[in-house]
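Contents: one structure, followed by commentary.
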Amino acid sequence: MKNAEVAKILQDIADLLELKGENVFKVRAYQKAAFSLEHLPVEVEQLVREDRLKGVPGVGEAITKKITELVTTGHLQYYEELKAEFPEGISALLDIPGIGPKTAMLLTHELDIKSVEDLEAAIAGDRVASLPRMGEKTVENIRRHIQALRRKDQRIPIGEAWMVVEEISAEMRKVTGLRNLTPAGSLRRFRETIGDIDLMGTADNASEVIRAFTGLPQVKEVLASGTTKASVVVAGGLQVDLRIVEHDSFGSLLQHFTGSKQHNINLRERAQRMGLSLSEYGITDVKTGKLEKFATEEACYRRQGLEYIPPEIREGSDEIERAERGTIPKLVEVSEIKGDLHVHTDWSDGRGSIEAMAQAAKALGYQYLGISDHSAGRGIARGLSVERLREQRAEIQKLNEQIADIRILSGMEVDIRADGSLDLPDEMLKELDFVIAAVHSAMNQDEPQMTGRIIRAMENPNVDILAHPTCRLLKEREAVSVDMEAVLQAAARTGTALEINAMPSRLDLRDVHAYRARELGVRLVINTDAHGPEHLSFIRFGVGVARRGWCQSRDILNTRSLTEIIAYFGR
DNA sequence: GCCGTTTTCGGCCCGACTGTTTTCAGTCG
């Protein structure tokens with residue numbers, strides 16, 4: 001059973017206990033355990049086998065027993081009994097903003113509402129507003145939220161959110177008086193998907209800035225607008241919040257709204273033990289009641305005796321303990337990337353010529369660019385035959401003589417066939433500067449087959465890099481069934497680098513697997529898989545994933561210089 | 001249900017908003 005499935009069930013248990021009116025701290029315990037499981041860098045099954053569950057934060061004796069039962073039998077008695085106490089569709093009511101456990105139970109008890117559809121019918125029949133603590137406005141809000149929920153496609157990939165932020169930021173920078181405009185929340189932490197956008201800033205004339213914000217051409221609807229904050233909806237149903245404070249409180253504000261929620265809770269619990277109370281306004285000494293403000297996040301962390309913690313790792317694992325000991329690593333940065341090793345051109349399915357791609361890479365300050373068009377095999381994406389590949393190599397050689405200050409490397413993204421063999425003969429692969437292998441077909445194989453297939457490809461000594469290891473496409477295609485732990489172990493054994501594909505629709509490896517890879521000493525490489533010159537800038541999303549995996553520059557292959565990288569490939 | 005520089009028992013993050021109330025419960029981030 002996968003970590004995500006176990007986490008989902010624990011979260012479900014938390015919801016049901018909440019509906020039941022159980023002790024809120026018990027509910028929180030299950031939520032906390034669910035969170036831990038979801039962010040675990042290793043498979044829960046492995047922890048169960050090795051009897052190491054107790055080491056997971058928030059997992060004690062009782063939850064250990066439950067997880068063990070769940071993983072070993074695929075079934076949890078406690079959960080089944082709990083579910084049987086409630087009508088099936090009721091937890092879906094909790095997904096509607098504004099409806100929490102109390103309201104959900106009220107609706108079920110008083111009106112026999114068992115699903116979102118029931119609720120809509122009850123609203124249409126005018127039966128809801130008469131309930132205690134319900135009124136016209138509440139009902140209208142619920143009705144609107146149900147509609148919005150149907151319309152909105154939940155979280156969006158970070159790449160899309162980023163474009164919205166850049167557009168809005170460009171407009172807002174024209175507003176006089178506004179300073180320090182910064183996106184916070186999951187966007188700043190570089191999570192792969194984003195629920196809504198939080199923008200932070202400072203100004204002396206906050207209300208004017210807010211007015212300019214709500215008046216932007218992108219704004220479709222203004223949800224709320226006050227003196228320090230506003231919430232709007234832009235195209236696509238995406239919510240954007242802006243908060244403005246005075247300059248001297250910006251550090252605390254940014255810290256608070258960057259989150260994550262779990263990081264902030266851990267931070268506040270710790271502050272509490274120190275006799276301090278933490279909020280978005282600053283740090284209050286509980287004894288004296290005196291509020292201390294912070295203009296920068298660094299100062300805010302320092303006051304708590306902590307080293308600065310980069311946003312990407314503020315996820316509630318052990319980052320606070322590490323900051324206490326002063327052992328937060330220096331995470332890899334975009335400026336340290338010296339080349340891109342997975343790029344397509346118009347020789348296969350890319351849009352740019354080799355030269356255009358090379359010029360774009362040069363403009364980014366790269367030392368090298370690895371061309372890796374598709375192989376011909378199954379006819380995908382206008383793949384190159386052996387002959388065409390040789391022609392391309394000649395072309396690259398010619399261009400290298402013409403273009404200064406960047407070296408074009410001649411590689412290939414070779415298809416891994418269903419049986420794990422490669423699409424081009426070894427003699428051809430040997431001629432290349434480097435070789436990437438990737439799965440593009442027969443994605444429905446079962447886990448043992450897929451895992452064996454990928455490992456077989458990695459065992460070929462000509463393969464340097466395994467590209468987008470799980471083949472997932474965010475919101476479009478699930479990851480293939482593959483035993484990632486086995487793949488990571490094989491990568492360590494064979495010395496194959498694993499790609500962090502920076503294309504916003506892929507982001508594959510994921511952050512937790514990057515974390516695990518680093519633990520195992522597996523070399524990683526951050527590539528964009530660019531199909532046009534403008535895609536090269538996607539590198540920042542891949543760097544974001546690497547940072548979320550606590551990676552430093554030494555963990556990332558393409559932070560190496562041209563000389564080093566050529567020596568590394570050793571051809 | 002978890003956990004320990006006060007604790008193996010008694011705690012468990014903080015503030016704001018909304019709508020319904022005449023002081024606050026419920027929900028959210």
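Residue numbering restarts at 1 for every chain, and letters A, B, ... go by the order of the sequence lines.
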(Q) Measure CZ/A/R28 against C1'/B/dC3 and give the value in whole Å, please. (A) 13 Å
Q: Report which part of the nucleic acid A/I63 touches: base, sugar-phosphate, or nothing (heavy-atom distance under 4.0 Å, all strands).
A: sugar-phosphate
**Q.** Same-atom distance (P) from B/dT5 to B/dG1, integer angstrom
**A.** 23 Å
Q: Using a 4.5 Å cut-off on heavy atoms from C-beta on, say whether the side chain of A/I309 contacts that of A/H263.
A: yes
**Q.** Over 12 non-hydrogen atoms of neighbours within 6.0 angstrom of CD in A/E140
**A.** yes
Q. Got a second to check how far A/T296's OG1 is from A/Y308's OH, nearest 0.5 Å?
A. 9.0 Å
Q: Whole angstrom is fine here: how far is it from CZ in A/R270 over to C1' in B/dC12?
A: 17 Å
Q. OP1 or OP2 of B/dC14 less than 4.0 angstrom from a side-chain nitrogen or oxygen of A/Q272, does that happen here?
A. yes
Q: To the nearest Å, give me how far apart CG (A/L93) and C1' (B/dT27) are.
A: 15 Å
(Q) Please report the interatomic distance CD1(A/I99) to CG(A/L107), rounded to the nearest 0.5 Å. (A) 5.5 Å
Q. Whole Å only: how far is the CD atom of A/Q31 from the C1' atom of B/dG29?
A. 13 Å
Q: Please report, rounded to the nearest Å, how far the C1' atom of B/dC28 is from the CD atom of A/E280.
A: 13 Å
Q: Could you tell me whether A/K229 contacts a base, only the sugar-phosphate backbone, or nothing, with contacts defined as non-hydrogen atoms closer than 4.0 Å?
A: nothing
Check: residues 8-24 of chain A side-chain donor-acceptor pairs under 3.5 Å, at least two apart:
from	atom 1	to	atom 2	distance (Å)
A/Q11	NE2	A/D15	OD1	3.3
A/D12	OD2	A/Y79	OH	2.5
A/K20	NZ	A/E85	OE2	3.4
A/E22	OE2	A/K26	NZ	3.3
A/N23	OD1	A/F25	N	2.6

**Q.** A/E292/A/R303 ion pair, N-O < 4.0 Å
**A.** yes
Q) Looking at DNA chain B, which of residues 122-143 of chain A put a heavy atom within less than 4.0 Å of it? A) A/R133, A/M134, A/G135, A/E136, A/K137, A/T138, A/N141
(Q) Using a heavy-atom cut-off of 4.0 Å across all strands, would you classify A/L17 as base, sugar-phosphate, or nothing? (A) nothing
Q | Inter-nucleotide P distance (B/dT21, B/dA16), Å rounded | A | 24 Å
Q | Atom C1', compared across B/dC13 and B/dC28: separation rounded to whole Å | A | 14 Å
(Q) Can you see if the side chain of A/S277 gets near the phosphate of B/dC14 - specifically, an N or O under 4.0 Å from OP1 or OP2? (A) yes
Q: Measure from CD on A/Q255 to C1' on B/dC13 and round the result to the nearest Å.
A: 12 Å
**Q.** Counterpart base for B/dT8, defined by Watson-Crick or G-U wobble contacts under 3.5 Å
**A.** none
**Q.** Separation of B/dT18 C1' from A/K102 NZ (nearest whole Å)
**A.** 17 Å
Q.
If we ignore hydrogens and angles and just use 3.5 Å, is the side chain of A/E171 paired with the main-chain N or O of A/L216 as donor and acceptor?
A. no
**Q.** First of A/G100 and A/N264 reached from the 5' end of DNA chain B, by closest nucleotide
**A.** A/N264
Q: Please check the phosphate of B/dT27 (OP1 and OP2 only) for any side-chain N or O of A/T103 closer than 4.0 Å.
A: yes
Q. Going by atom types alone, do A/Y30 and A/K66 pair a side-chain donor with an acceptor below 3.5 Å?
A. yes
Q: Please state whether the phosphate of B/dG1, meaning OP1 or OP2, lies under 4.0 angstrom from any side-chain nitrogen or oxygen of A/K66.
A: yes
(Q) I need the A/L238 CG to A/I156 CD1 distance, nearest 0.5 Å. (A) 4.5 Å
Q | Separation between the P atoms of B/dT20 and B/dT7, rounded to whole Å | A | 47 Å
Q: With heavy atoms under 4.0 Å as the rule, sort A/L267 into base, sugar-phosphate or nothing.
A: nothing
(Q) Go nucleotide by nucleotide along DNA chain B from the 5' end; which of A/G60 and A/I265 gets its closest nucleotide reached first? (A) A/G60
Q: Pick the C1' atom in B/dT6 and in B/dC12, then give their distance to the nearest Å.
A: 15 Å
Q. When rounded to the nearest Å, what value does the distance between P atoms of B/dC24 and B/dG10 take?
A. 28 Å
Q. What are the residues of residues 281-318 of chain A, sorted by number, that bring a heavy atom to within less than 4.0 Å of DNA chain B?
A. A/Y281
Q) Cation-pi between A/R188 and A/F190: NZ/CZ under 6.0 Å from ring centre and within 45° of the ring axis? A) no
Q | Distance in angstrom units between A/L19 CG and B/dT27 C1', rounded | A | 14 Å
Q: Give a yes or no answer on whether the side chain of A/R268 reaches the backbone of A/S277 with a donor-acceptor pair at less than 3.5 Å.
A: no
